[in-house]
**Q** 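Sharing a structure here in structure tokens format.
Keep in mind that what you see is a predicted model, and the values were worked out from it rather than measured.
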Amino acid sequence: MRQPNFGGPRGPHGQAGFQKASKEQRAIIWRLTKYVLSNYKYSIITVLVCIAITSVTTLASTLFTRTLIDDYITPLTQTANPEYVSLWQALFKLGLILLVGVVCSYLYNRLMINVSQGTMLRLRKMVFERMEQLPISYFDQHSHGETMSVYTNDIDSLRQMISTSISQVFNSAITITVTFTSMIIMSVPLTLVSIVMAIVMMVVTTQLGKRSRTFFRTQQESLARVNGFIEEMMTGQKVVKVFCHEQQAIDKFEQINEQLRSSAYNANKIANIVMPVNGNLSNLGYVLIAVVGAALALHGGAITLGTVVAFLTLNKSFTQPITHVSQQINSVLNATVGAERVFRLMDTEPEIDKGHKELKEPKGDVDFKDVDFGYTPEKQVLFDIDINTNPGQKIAFVGGTGAGKTTIINLINRFYDIQKGEILYDGIPITDIRKDSLRRSMSIVLQETHLFTATVLDNIRYGRLGATDEDCIAAAKLVGADDFIRRLANGYQTMLNGDGGNLSQGERQLLAIARAAVANPPVLILDEATSSIDTRTEMLVQRGMDTLMQGRTTFVIAHRLSTIRNADQIIVLDHGCIIEQGSHEQLLAQQGKYYQLYTGHALTT
């Protein structure tokens, strides 16, 4: 991995790059801060008040050191019969003050836990809502593991920063303010020494923070790749086993895992030296103040011994916040990158729906008029597609891999929008129809089925949430799923987990077909819906499917040409173009591509 160039402004990570990164970082932190304040304004105000009280009580104990030495200890050591009552009274008052500080400290820490967890709750909700609004193309371009990493690693990094770092920054700012004021009142020369050391510590923290931020971004991206690879291997474990690719999977994982280790090492290597460096600079400042203060106290008497001791404690309180902030630099930088990834997902344009018409009584008349389409502008995959249907017709698509069969199906329900031409539904351009109205008028059974963690009955009802139990059972009987369902341990109340892992592939697909049946739409789309069902089961399902397709416009993609012989139209596609179109008998009479596929039983999909 090529390392960033920190040497000068000419490199991509030079001074200009640092300034840009720093500006982006401030913008992200400010956006996150505004988000927190907008939802927890009064909690944050209470936290600030409690932190201020805690800082004042801490300052009071520090200032009491001077009073203790100058007004109590020194006089008592010079008295033959010392009286300790006044000392005990002063200590008691100090104890009450510190008790108030402890209560306020406990309160603001509890409030920050509530703020951090509540913010995470809202962020997860907003991210999930935005994810549900994103177009299918987004999920084509981003792995599931990468998206999951936003929910887990990135949002959790924000939780750590909000619960700890924000309160620490507030505490440090207030502590520095009240402490600095007291230091000036006590001794201007000693305050100047403290300011110089504080400036040095801030410069060190800023410069090291700039260098490590790039690596923290790389770390989060590498973590997302690791999650994506693990998710991919888990879902494809059977394929890995069948082809004996276990070692190749391990080698690939080691490679991307090493990239994560390397980026995490580089990020933390720089960030972790900030605290010890600032700690030593703070100790150096402590020594300098002790020397200068002692000189002022012993030569000239400008300040008292108690003032020197109290100022040394104040100096610790002045520089300690900088050290504390530097300890949080890992959390802040990591959270900044995490927030950047969270906001990037939230800022992704949702699926655009300019449709304004509602389908009142859809008939299922779907027509394609000179349609061109490409998933990207550079690569067109469909050319001049013309398809005319009548309601209730069965239209079948055949052709080789990459011919465009599934793409046409995806255009009907507007998973993607076309670049040229138009698709009409009951004579209305589908771009004018609301997407939810359009999709409710269709049921689709994909080649890859998905079942949810719920009962068999609820999985069937997913096709129409208002369906009764009797409707769901009738749909299952229609497609031939009732027999195997009743043989399950709890019948229709059997709980399915892991995408229906306790069912065979054919049984899972039968449930998906039953889900489409219960929706009872005017348009039915079957994308190789019987591809995972054996021949005997297919015969049972086909009878149910024939009943289901009656009176509905049906678009079918099938492995076996024998299942589409009765189609009203068979459309043969090749490289995104329609090369043949007609009924089974008409296409056989043409003795073209379809004739070759049918007589040779050589359909490639």
**Q** Among T468, I460, L478, D482, find the one that has a side-chain contact (heavy atoms from CB on, under 4.5 Å) with I473.
**A**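 So the option named by the test is D482.
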**Q** Show the nearest heavy-atom pair for residues I28 and E340, with the distance to one decimal.
**A**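 In terms of heavy atoms, the two residues are closest at CD1-CB, 3.6 Å.
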**Q** Locate the shortest heavy-atom distance separating E351 from R414; write the atom from each residue and the value.
**A** OE2-O, 3.7 Å
**Q** Checking the side chain of D386 only, and the main-chain atoms of D370 only, is there a donor and an acceptor separated by less than 3.5 Å?
**A**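 Looks like yes, one N/O pair under 3.5 Å.
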**Q** Is the shortest side-chain heavy-atom distance between F373 and F383 below 4.5 Å?
**A**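 F373 does not reach F383 side chain to side chain.
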**Q** Side chains of R515 and L451, heavy atoms from C-beta outward: is any pair under 4.5 Å?
**A**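 Result yes, sub-4.5 Å side-chain heavy-atom pair found.
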**Q** Can you find a heavy atom in the side chain of M112 that is under 4.5 Å from one in the side chain of S43?
**A**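 Of all side-chain heavy-atom pairs linking S43 with M112, none is under 4.5 Å.
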**Q** Is a side-chain donor-acceptor pair under 3.5 Å present for N410 with T407?
**A**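 No donor-acceptor contact under 3.5 Å links the two side chains.
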**Q** Only pairs under 3.5 Å count here: list side-chain donor-acceptor contacts from residues 423-434, not counting sequence neighbours, and write none if there are none.
**A**
residue	atom	partner	partner atom	Å
Y425	OH	S441	OG	3.1
D426	OD1	G364	N	3.2
D426	OD1	D365	N	2.9
D426	OD2	K363	N	2.8
R434	NE	E358	OE1	3.4
R434	NE	D436	OD1	3.3
R434	NH2	D436	OD2	2.8

**Q** So does R464 pair up with D471, basic N to acidic O under 4.0 Å?
**A** yes
**Q** Is there a donor-acceptor contact under 3.5 Å from the side chain of E129 to the main chain of M126?
**A**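 Not a single qualifying donor-acceptor pair exists.
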**Q** State whether the number of non-hydrogen atoms from other residues, nucleotides or ligands found under 6.0 Å of F128 atom CZ is greater than 12.
**A** no
**Q** Would you say the side-chain atoms of T455 and D458 include a donor-acceptor pair closer than 3.5 Å?
**A**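 Judged by distance alone, the side chains do pair up.
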**Q** Within the 4.5 Å heavy-atom criterion, are L503 and L488 side-chain neighbours or not?
**A** yes
**Q** Using every non-hydrogen atom in the two residues, find where Q393 and N388 come nearest and quote the distance to one decimal.
**A** OE1-O, 4.2 Å
**Q** Do side-chain atoms of R130 reach the backbone of M346 as a donor and acceptor pair under 3.5 angstrom?
**A**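 Yes; at least one donor-acceptor contact below 3.5 Å.
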**Q** Would you indicate whether Y151, at its atom OH, is surrounded by more than 12 heavy atoms from other residues, nucleotides or ligands within a distance under 6.0 Å?
**A**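 Yes, the 6.0 Å shell around OH holds more than 12 heavy atoms from other groups.
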**Q** Quick check against the 3.5 Å criterion: does E507 have a side-chain atom that pairs as donor or acceptor with the backbone of S504?
**A** yes
**Q** Examine the side chains of S437 and R440 and answer whether a donor and an acceptor come within less than 3.5 Å of each other.
**A**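 No, no side-chain donor-acceptor contact under 3.5 Å.
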**Q** Does atom CD of E361 have more than 12 heavy-atom neighbours, drawn from other residues, nucleotides or ligands, at distances under 6.0 Å?
**A** no
**Q** Assess whether atom CZ of F484 is packed by more than 12 heavy atoms of other residues, nucleotides or ligands within 6.0 Å.
**A** yes
**Q** Within the 4.5 Å heavy-atom criterion, are L37 and K34 side-chain neighbours or not?
**A**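 No, side chains not in contact.
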**Q** Is there side-chain contact between I29 and T33, with at least one heavy-atom pair below 4.5 Å?
**A**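 When only atoms from C-beta onward are counted, T33 and I29 do touch, with a gap below 4.5 Å.
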**Q** Heavy atoms only: give me the nearest I418-G421 pair and the separation to one decimal.
**A**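 Closest heavy-atom pair between I418 and G421: CD1-O, 3.4 Å.
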**Q** Under 4.0 Å between a Lys/Arg side-chain N and an Asp/Glu carboxylate O for D156 and R159?
**A**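 Yes, this pair counts.
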**Q** What's the verdict on ring pair (Phe, Tyr, Trp, His ring centres under 6.0 Å) for Y594 and H584, showing C-alpha distance, side-chain angles and the deciding distance?
**A** CA-CA 9 Å; Y594 180 80; H584 173 72; 5.7 Å; yes
**Q** Is the shortest side-chain heavy-atom distance between I162 and M120 below 4.5 Å?
**A**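 Yes, their side chains come closer than 4.5 Å.
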**Q** For atom CE of M131, decide whether the heavy atoms of other residues, nucleotides or ligands shown that lie under 6.0 angstrom number more than 12.
**A** yes
**Q** For Q419 and G374, indicate whether the former's side chain and the latter's backbone hold a donor-acceptor pair under 3.5 Å.
**A** yes
**Q** With a 4.5 Å heavy-atom cut-off, do L526 and T554 have their side chains touching?
**A** yes
**Q** So which atom in F452 and which in N459 form the shortest heavy-atom distance, rounded to 0.1 Å?
**A** N-OD1, 2.7 Å
**Q** Scan side-chain atoms only and decide if K435 and N413 contain a donor-acceptor pair under the 3.5 Å cut-off.
**A**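 No donor-acceptor contact under 3.5 Å links the two side chains.
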**Q** Identify whether NZ of Lys or CZ of Arg in R122 sits under 6.0 Å from the centre of the six-membered ring of Y40 and within 45° of that ring's axis.
**A**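 Yes.
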**Q** If I take atom CD1 from residue I385 and atom CZ from residue F368, how far apart are they, to the nearest 0.5 angstrom?
**A** 8.0 Å
**Q** Say whether, by atom type as modelled, one donor and one acceptor occur between the side chain of T494 and the main chain of V456 under 3.5 angstrom.
**A**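 Answer holds: no.
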**Q** Check whether any side-chain N or O of E422 sits under 3.5 Å from a backbone N or O of V371 as a donor-acceptor pair, and report yes or no.
**A** no
**Q** Kindly give the heavy-atom pair with the smallest separation between K405 and V398, and that separation in Å.
**A** CD-C, 3.7 Å
**Q** Is the NZ or CZ atom of R31 positioned over F343's six-membered ring, under 6.0 angstrom from the centre and within 45° of the axis?
**A**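 Because its charged atom sits under 6.0 Å from the ring centre and within 45° of the axis, R31 does stack over F343.
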**Q** Would you say D251 and Q255 are linked by a side-chain donor-acceptor pair, where the criterion is simply a distance under 3.5 Å?
**A**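 No donor-acceptor contact under 3.5 Å links the two side chains.
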**Q** More than 12 heavy atoms of other residues, nucleotides or ligands under 6.0 Å from NE2 of H450: is that the case?
**A** yes
